[in-house]
2 protein chains.
Amino acid sequence: MGRGRMARRNTNRRVGIADVAEKAGVSHATVSRVMNGNAAVDPGIAARVRAAALELKYQPNPVGRSLALGKTDTIGIVVPDLANPTFQAILRGLSIAAAQDGYRVLIADSSEVTSEEAILAGEARRRCDGVVLCAPRMGDAELEELAPTLHPLVLINRTTIATNTPSLSVDYGQGIQELAHHLVSLGHRRLAFLSGPEHSASNRQRLVGLDQFRAEHPEIELQMLHGGSNFDSGHESTEAIIASGATGILAFNDLVAMGLLSGLHERGVRVPEDISVTGFDDIPFAKYTTPPLTTAAVPINELGSLAWRRMREQIQQAGEATTQAQDEFSPRVEIRKSTAAPALSPV
Amino acid sequence: MGRGRMARRNTNRRVGIADVAEKAGVSHATVSRVMNGNAAVDPGIAARVRAAALELKYQPNPVGRSLALGKTDTIGIVVPDLANPTFQAILRGLSIAAAQDGYRVLIADSSEVTSEEAILAGEARRRCDGVVLCAPRMGDAELEELAPTLHPLVLINRTTIATNTPSLSVDYGQGIQELAHHLVSLGHRRLAFLSGPEHSASNRQRLVGLDQFRAEHPEIELQMLHGGSNFDSGHESTEAIIASGATGILAFNDLVAMGLLSGLHERGVRVPEDISVTGFDDIPFAKYTTPPLTTAAVPINELGSLAWRRMREQIQQAGEATTQAQDEFSPRVEIRKSTAAPALSPV
DNA sequence: ACGCTCTGAGAAAACGCTTTCTCATGATTC
DNA sequence: GAATCATGAGAAAGCGTTTTCTCAGAGCGT
């Protein structure tokens with residue numbers, strides 16, 4: 001019908017609300033009402049509309065809907081490195097939790113490029129109803145300035161002072177101290193910390209925690225070695241670790257610890273007989289390394305779902321400026337087989 | 001009427017094109033033209049508009065833009081399980097490659113629930129300019145029917161016959177055969193395959209490959225054991241593997257192999273001295289297990305970026321029905337330390 | 001019977017942008 | 001000096017929804 005008149009219409013176009021309206025012999029408005037169940041519609045008409053919609057396989061266009069409603073039912077997440085299992089787990093938890101409430105997630109990977117973070121976050125925010133900023137590497141000042149512009153915002157591994165932004169953080173300082181104590185209690189006297197990325201806030205927290213540890217245990221030697229956040233950097237540090245003479249190694253995270261484990265194995269250094277190694281995060285793989293890795297367990301799976309809960313709270317109570325929750329998790333030391341008493345005290 | 005609108009304007013609203021137009025003393029149209037550089041605009045006016053936009057920090061609303069342009073600059077990806085490193089790697093490669101062309105990615109995790117896949121894919125498609133369907137578990141008939149409705153579509157680990165949909169696949173049958181041959185060439189005579197999820201197409205391919213292997217090597221014993229696709233299922237299969245008496249184990253993938261490795265270690269079974277184990281995929285962790293895992297390397301990082309390239313091709317040449325590329329990768333056997341000659345032939 | 005409220009459906013106005021259409025203005029040509 | 005053209009800016013029409021506004025007709029009380 002009328003194909004001459006509307007050549008363009010008939011060729012390509014997806015079925016829209018207008019098609020349903022025409023087929024059911026009602027107005028667009030009524031179709032919308034029926035689809036959304038908002039207003040009272042005569043049951044007979046409603047049925048007619050539903051039948052038409054079903055027959056035409058009508059599915060409302062989300063973009064049109066978003067424009068009209070001013071919301072996209074989508075949230076964004078910005079991570080420094082999608083290759084990191086910790087961020088992957090957070091992403092996954094977030095995605096699954098959000099999906100349960102009918103929200104989707106848009107991802108952005110800043111690839112550890114600090115200057116991209118603000119841009120990516122801003123872009124994500126414009127397309128989404130909120131943003132989760134995961135372990136941002138940017139400076140405090142910049143974060144403080146950015147936070148309000150992103151408003152429905154949830155921070156992971158960072159906090160803001162001025163703005164009250166809900167945040168989820170892990171007490172890395174506490175965790176690393178407990179790991180250090182664990183090594184000391186086993187009898188280790190020479191420790192080394194294999195540090196992480198320079199701009200990582202969680203690395204700074206670990207350093208602060210270790211300062212405290214030093215103050216409490218002046219008798220323990222604690223060396224600081226420069227490293228990174230992934231396998232390769234752990235692997236590459238093998239020589240430096242061996243050279244350090246330390247018997248207890250605190251790796252920045254599980255990835256680094258695993259790289260180190262493998263490097264030590266190649267060099268014939270036995271773990272934990274010759275050297276004890278600890279990780280951090282308790283990524284799923286940590287349990288399955290050989291030997292299984294002693295680490296500080298971060299509730300990696302809860303993090304994502306809690307991030308969503310905090311986001312949802314903000315989205316729901318849009319307007320009412322309530323004070324936002326600052327959740328802090330204490331890591332739990334998970335003792336496995338990569339740590340043991342040193343062979344003999346070298347002092 | 002007037003008052004209602006004003007009130008709302010002043011309170012909340014983000015700055016829109018109208019604000020910039022007013023400030024610069026031109027029409028919306030002109031602002032749009034300047035922002036997009038589409039038509040010729042008087043340089044003086046253009047400068048004025050740009051200054052106004054800058055001062056107001058104007059950023060076009062992507063939703064409005066999407067509605068007008070009929071594109072969202074976003075693609076969706078549907079995966080069966082975001083916890084699987086293989087899919088994580090694909091997601092990452094896709095995301096990074098797409099970002100380079102100014103596209104974003106929306107994720108959907110079907111959690112291995114076959115019936116959700118079509119729904120998620122459809123939803124994703126409506127919000128995005130295209131969809132990447134990653135290792136869908138749905139049946140062939142359903143996939144064939146769904147494919148055209150998703151049109152800019154890229155399939156990973158599946159193909160369609162009727163529709164010509166670009167697809168990226170890995171020759172799992174070939175890979176598993178090569179691994180089996182590798183074990184045989186080391187002297188193993190009793191093998192076992194620890195299979196994966198029932199609905200996984202890649203698992204079926206492996207089974208086909210192994211049938212072929214059996215035909216070629218009737219003298220070799222090859223047991224089939226039921227398993228899963230993750231750590232835990234590998235770990236849980238430990239007893240069954242030991243009981244099987246096989247000396248060469250073909251695990252469904254690296255995850256399963258790692259779970260098994262850890263289970264064997266706990267039981268005091270040495271790898272590769274007592275039992276040889278192979279994985280599949282060559283996830284980043286495979287290199288760092290102890291012992292490092294012999295596996296079939298899938299170009300996991302290229303997969304995502306190639307998926308984007310295929311997607312981009314389709315988006316660009318919208319309309320012109322060209323025949324679509326079917327890319328197939330041959331896995332490369334990566335011999336590490338988890339395989340060796342069996343201690344002694346039990347026959 | 002008359003006005004009254006109610007119910008419910010269509011017309012039209014948003015939402016924020018792009019793009020076509022239209023029409024001044026000033027430059028160009030015979 | 002009039003007729004023709006190019007240039008470029010504003011008006012307005014989409015894009016596909018939701019939602020307000022408006023108003024016809026039904027039901028009700030007096």
Side-chain angles (χ1 to χ4, degrees), chain A residues 6-9 11-50 52-53 56-73 125-127 129, chain B residues 1-9 11-22 24-50 52-53 56-73 125-127 129:
Chain A
M6 332 185 129
R8 187 155 120 251
R9 287 218 131 169
T11 44
N12 252 338
R13 257 253 332 286
R14 294 181 98 78
V15 0
I17 203 172
D19 304 285
V20 179
E22 189 180 355
K23 179 151 198 122
V26 298
S27 68
H28 332 263
T30 300
V31 176
S32 171
R33 284 191 272 254
V34 172
M35 298 301 292
N36 296 291
N38 281 337
V41 176
D42 179 279
I45 294 187
R48 223 165 66 219
V49 168
R50 259 188 285 272
L56 294 174
K57 296 202 211 315
Y58 167 67
Q59 307 273 166
N61 175 328
V63 178
R65 218 153 177 275
S66 290
L67 187 59
L69 292 173
K71 67 196 207 95
T72 61
D73 291 349
R125 180 57 186 83
R126 244 166 283 131
R127 300 191 121 77
D129 299 344
Chain B
M1 20 208 105
R3 60 185 168 279
R5 202 167 93 226
M6 288 247 295
R8 199 157 102 242
R9 281 215 139 172
T11 45
N12 254 337
R13 254 254 331 289
R14 293 182 99 77
V15 1
I17 202 172
D19 305 285
V20 179
E22 189 180 354
V26 299
S27 67
H28 335 261
T30 300
V31 175
S32 171
R33 283 192 273 253
V34 170
M35 298 302 291
N36 296 291
N38 281 336
V41 177
D42 180 279
I45 295 186
R48 223 164 66 219
V49 168
R50 257 188 287 271
L56 295 173
K57 295 201 211 315
Y58 168 67
Q59 306 272 169
N61 174 327
V63 179
R65 227 161 165 267
S66 290
L67 188 58
L69 291 172
K71 67 196 206 97
T72 62
D73 291 348
R125 179 58 185 86
R126 243 166 285 130
R127 301 189 119 78
D129 299 344

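Quick caveat, the model's predicted, so the values are computed rather than measured. Throughout, protein chains are lettered first and strands after them, A, B, ... in sequence-line order, and every chain is numbered starting at 1.
- Between A:N61 and the phosphate of D:dC15, there is no side-chain N or O to OP1/OP2 separation shorter than 4.0 Å.
- Interatomic distance, CZ of B:R33 versus NE2 of B:H28, reported as 11.5 Å (0.5 Å rounding).
- The main-chain N or O of B:Q59 is never found under 3.5 Å from a side-chain atom of B:R14 such that the two would form a donor-acceptor pair.
- If you take CZ of B:R65 and C1' of C:dT19, they are 12 Å apart, rounded to a whole angstrom.
- Residue contacts shown for B:V41 are limited to sugar-phosphate atoms, with no base heavy atom under 4.0 Å away.
- B:V49 and B:V26 get closest at one heavy-atom pair: CG2-CG2, 3.9 Å.
- Spacing between atom CZ of B:R127 and atom P of D:dT17 amounts to 13 Å, rounded to whole angstrom units.
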Walk me through whether A:T30 and A:S27 qualify under side-chain contact (heavy atoms from CB on, under 4.5 Å). CA-CA 5 Å; A:T30 300; A:S27 68; 3.3 Å; yes
Pair B:R50, B:V34 - check side-chain contact (heavy atoms from CB on, under 4.5 Å), show working. CA-CA 7 Å; B:R50 257 188 287 271; B:V34 170; 3.7 Å; yes
Pairs under 3.5 Å (N/O, protein and nucleotides 10-12 of chain C):
from	atom 1	to	atom 2	distance (Å)
C:dG10	OP2	A:S27	N	3.1
C:dG10	OP2	A:S27	OG	3.1
C:dG10	OP2	A:T30	OG1	2.6
C:dG10	N7	A:R33	NH2	2.7
C:dG10	O6	A:R33	NH1	3.4

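- Side-chain atoms of A:D129 come within 3.5 Å of backbone atoms of A:D73 as a donor-acceptor pair (strictly under, hydrogens ignored).
- For D:dT17, one of the phosphate oxygens OP1 or OP2 lies less than 4.0 angstrom from a side-chain nitrogen or oxygen of A:Y58.
- Between the CD1 atom of B:I17 and the P atom of C:dT19 there is a distance of 11 Å, given to the nearest Å.
- The interatomic distance linking B:D73 (CG) with C:dC17 (C1') rounds to 14 Å, in whole Å.
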A:R65 vs A:N36, side-chain contact (heavy atoms from CB on, under 4.5 Å): CA-CA, chis, key distance, verdict: CA-CA 11 Å; A:R65 218 153 177 275; A:N36 296 291; 2.7 Å; yes
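- Heavy-atom nearest nucleotides on DNA chain C were determined for B:N38 and for B:G64, and the one closer to the 5' end corresponds to B:G64.
- Nearest nucleotide to the side chain of A:A40, out of C:dC17, C:dG8, D:dT18: C:dG8.
- Taking atom CZ on A:R14 and atom C1' on D:dG16, their separation rounds to 13 Å, with Å as the unit.
- Distances shown here put a side-chain N or O of A:N36 below 4.0 Å from the OP1 or OP2 atom of D:dT18.
- Atom CG of B:L69 is separated from atom P of D:dG14 by 17 Å (rounded to the nearest Å).
- Between B:D42 atom CG and C:dG26 atom P there is a gap of 13 Å when expressed in whole angstrom units.
- For the helix from C:dA1-D:dT30 to C:dC30-D:dG1, the end axes, each set by the C1' atoms of five terminal pairs, are bent relative to each other by 60° (nearest 10°).
- The distance from atom CG of A:L67 to atom C1' of D:dG14 is 13 Å, rounded to the nearest whole Å.
- Here the straight-line distance linking atom CG of B:N38 with atom OG of B:S32 works out to 6.5 Å at 0.5 Å rounding.
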Please test A:T72 against A:R127 for side-chain contact (heavy atoms from CB on, under 4.5 Å), starting from the C-alpha separation and ending with a verdict. CA-CA 7 Å; A:T72 61; A:R127 300 191 121 77; 5.9 Å; no
